[in-house]
Visitor: 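Handing you a structure now.
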Amino acid sequence: MDAQEWEDRYRAQDRLFSGNPNGVLVTEVAALAPGRALDVGCGEGGDALWLAGRGWRVTAVDIAPTALARGAAADPAGRVTWARADVRTQRPEPGAYDLVSVQYFPLRREPGDAALRGLLDAVAAGGRLLYVGHDVTDGSAAAPFRPEDYYHPADVAERLGAGWTVEAAGTRPRTAPAPPGTHHRHDTVLLARRDVPS
């Protein structure tokens, strides 16, 4: 889906998502010391607001203005920086984030992995990448969506290279019901820490 399709999808409903933080985010991040976080494809801001409530300094990015406006409306204290950006073409600041959170974001594969490399490069030394997807073996993908056209956590793990430590990887049951109209019962997860140079 392009930016206009996402915008139309948000405009068609008063709320597209629950407003609650994603379960994997809560599980993997709750015990971490807060720092600076990038929420990629933030939608209406459930994750960003949860992180901000725990002391993180959050930049939340999305391509849909309506989604960002709803997140900002739920953030009257201005704890989150809401920014319209497309990480496929606009690279985040390198080495700037203690957490880069990518939750169910449809990042299309491309030769050279430029957009993915931009996300990896944004993680600071000692910081973490949390990359979460739907388990495609649940069989809920509908045409014309082709899972093989997109990066999944296992693909990202293969591209990390030296200088990273994988802290969690694999498939696990969802902690919340699947979105309406889908049959996602499991998540695929990658949590990786960028090593601090010695």
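Throughout, numbering of the chain's residues begins at 1 and tracks the sequence. Note: hydrogens, waters and symmetry copies are ignored here, and every other heavy atom, side chains too, is used.
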Visitor: Check side-chain hydrogen bond (donor to acceptor under 3.5 Å, both in side chains) between R172 and all other residues, then give those that pass, not counting sequence neighbours.
Guide: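 R172: side-chain hydrogen bond (donor to acceptor under 3.5 Å, both in side chains) contacts with E28.
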
Visitor: Find out whether L116 and V156 are in side-chain contact, i.e. whether some heavy atom of one side chain is under 4.5 Å from a heavy atom of the other.
Guide: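 The answer is yes; the side chains approach within 4.5 Å.
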
Visitor: Given side chains that start at C-beta, do those of V102 and L107 come closer than 4.5 Å, heavy atoms only?
Guide: no

Visitor: Which value, rounded to the nearest 0.5 Å, describes the distance between N22 atom CG and D39 atom CG?
Guide: 8.5 Å

Visitor: Output all residues satisfying side-chain hydrogen bond (donor to acceptor under 3.5 Å, both in side chains) with R91, sequence neighbours left out; order by chain, then residue number.
Guide: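 For R91 there are no side-chain hydrogen bond (donor to acceptor under 3.5 Å, both in side chains) partners, ignoring immediate neighbours.
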
Visitor: I'd like to know if the side chain of R117 and the backbone of R159 have a donor-acceptor N/O pair within less than 3.5 Å.
Guide: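 Answer holds: yes.
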
Visitor: V40, Y150: one ILVMFWY side-chain cluster at the under-4.5 Å cut-off?
Guide: no

Visitor: Indicate the atoms forming the closest heavy-atom contact of H134 with T188, along with that distance.
Guide: O-OG1, 3.9 Å

Visitor: If we ignore angles and hydrogens, is there a donor and acceptor under 3.5 Å between the side chains of D195 and T165?
Guide: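 Yes, because at least one side-chain N or O of D195 sits under 3.5 Å from a partner of the opposite role on T165.
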
Visitor: Is there a chain of hydrophobic side chains (I, L, V, M, F, W, Y, each step under 4.5 Å between heavy atoms) that links L38 to V123?
Guide: yes

Visitor: May I have the step-by-step check of side chain to side chain donor-acceptor pair (under 3.5 Å) for W82 and D75, ending in yes or no?
Guide: CA-CA 10 Å; W82 305 94; D75 181 30; 3.1 Å; yes

Visitor: Are side-chain heavy atoms of L129 and L120 found at a separation under 4.5 Å?
Guide: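 Yes, their side chains come closer than 4.5 Å.
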
Visitor: Rounded to the nearest 0.5 Å, how far does CZ of R57 lie from CG of L99?
Guide: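 Going from the CG atom of L99 to the CZ atom of R57 covers 12.0 Å.
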
Visitor: Do side-chain atoms of E110 reach the backbone of A114 as a donor and acceptor pair under 3.5 angstrom?
Guide: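 Looks like yes, one N/O pair under 3.5 Å.
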
Visitor: Going from OG1 on T27 to CG on L191, what distance comes out if it is rounded to the nearest 0.5 angstrom?
Guide: 11.0 Å

Visitor: In the structure I gave you, are the side-chain heavy atoms of N20 and W50 within less than 4.5 Å of one another anywhere?
Guide: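 Result no, sub-4.5 Å side-chain heavy-atom pair not found.
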
Visitor: What verdict does the side chain to side chain contact (heavy atoms under 4.5 Å, CB included) test give for V58 and D47, after you've listed the backbone C-alpha separation in whole Å, the side-chain angles of each residue and the deciding distance to 0.1 Å?
Guide: CA-CA 10 Å; V58 185; D47 287 354; over 6 Å; no

Visitor: Could you tell me the separation between the CZ atom of R128 and the CZ atom of R194, rounded to the nearest 0.5 Å?
Guide: 13.0 Å

Visitor: Can you see which heavy atom on G41 is nearest to which on D62, and at what distance?
Guide: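 Taking every non-hydrogen atom into account, C-OD2, 3.3 Å.
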
Visitor: Do you know which two heavy atoms are closest between L68 and A60, and how far apart they sit?
Guide: CD2-O, 3.9 Å

Visitor: Give the minimum heavy-atom separation between I63 and A85, together with the two atoms involved.
Guide: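 So the two residues come closest at CG2-O, 3.4 Å.
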
Visitor: Any chain of hydrophobic side-chain contacts (each under 4.5 Å) joining L49 to V26?
Guide: yes

Visitor: Tell me, with the steps shown, if L190 and V166 meet side chain to side chain contact (heavy atoms under 4.5 Å, CB included).
Guide: CA-CA 7 Å; L190 171 67; V166 173; 3.9 Å; yes

Visitor: Rounded to the nearest 0.5 Å, what separates atom CG in D121 from atom OH in Y97?
Guide: 13.0 Å

Visitor: Return the set of residues passing side-chain hydrogen bond (donor to acceptor under 3.5 Å, both in side chains) with R193 (not counting sequence neighbours), or none when no residue passes.
Guide: E167

Visitor: Quick one: does any side-chain atom of D86 pair with a main-chain N or O of R88 as donor and acceptor, under 3.5 Å?
Guide: yes

Visitor: Are V24 and V29 joined in one hydrophobic group, where the rule is that I, L, V, M, F, W and Y side chains link up if heavy atoms are under 4.5 Å apart?
Guide: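 Hydrophobic grouping puts V24 with V29.
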
Visitor: Flag yes if Y151 and V61 sit in one hydrophobic cluster, no otherwise; membership is Ile, Leu, Val, Met, Phe, Trp, Tyr, and two members link when side-chain heavy atoms are under 4.5 Å apart.
Guide: yes

Visitor: Applying salt bridge (charged side-chain N to carboxylate O under 4.0 Å, His left out) to D98 and R36, what does each step give before you reach the verdict?
Guide: CA-CA 5 Å; D98 303 295; R36 191 175 176 199; over 6 Å; no

Visitor: What heavy-atom pair brings L160 and A192 nearest, and what distance separates the two atoms?
Guide: CD1-CB, 3.7 Å

Visitor: Does any part of the side chain of W56, heavy atoms only, come nearer than 4.5 Å to the side chain of L32, both counted from C-beta?
Guide: yes

Visitor: Locate the shortest heavy-atom distance separating A52 from V80; write the atom from each residue and the value.
Guide: CB-CG2, 3.8 Å

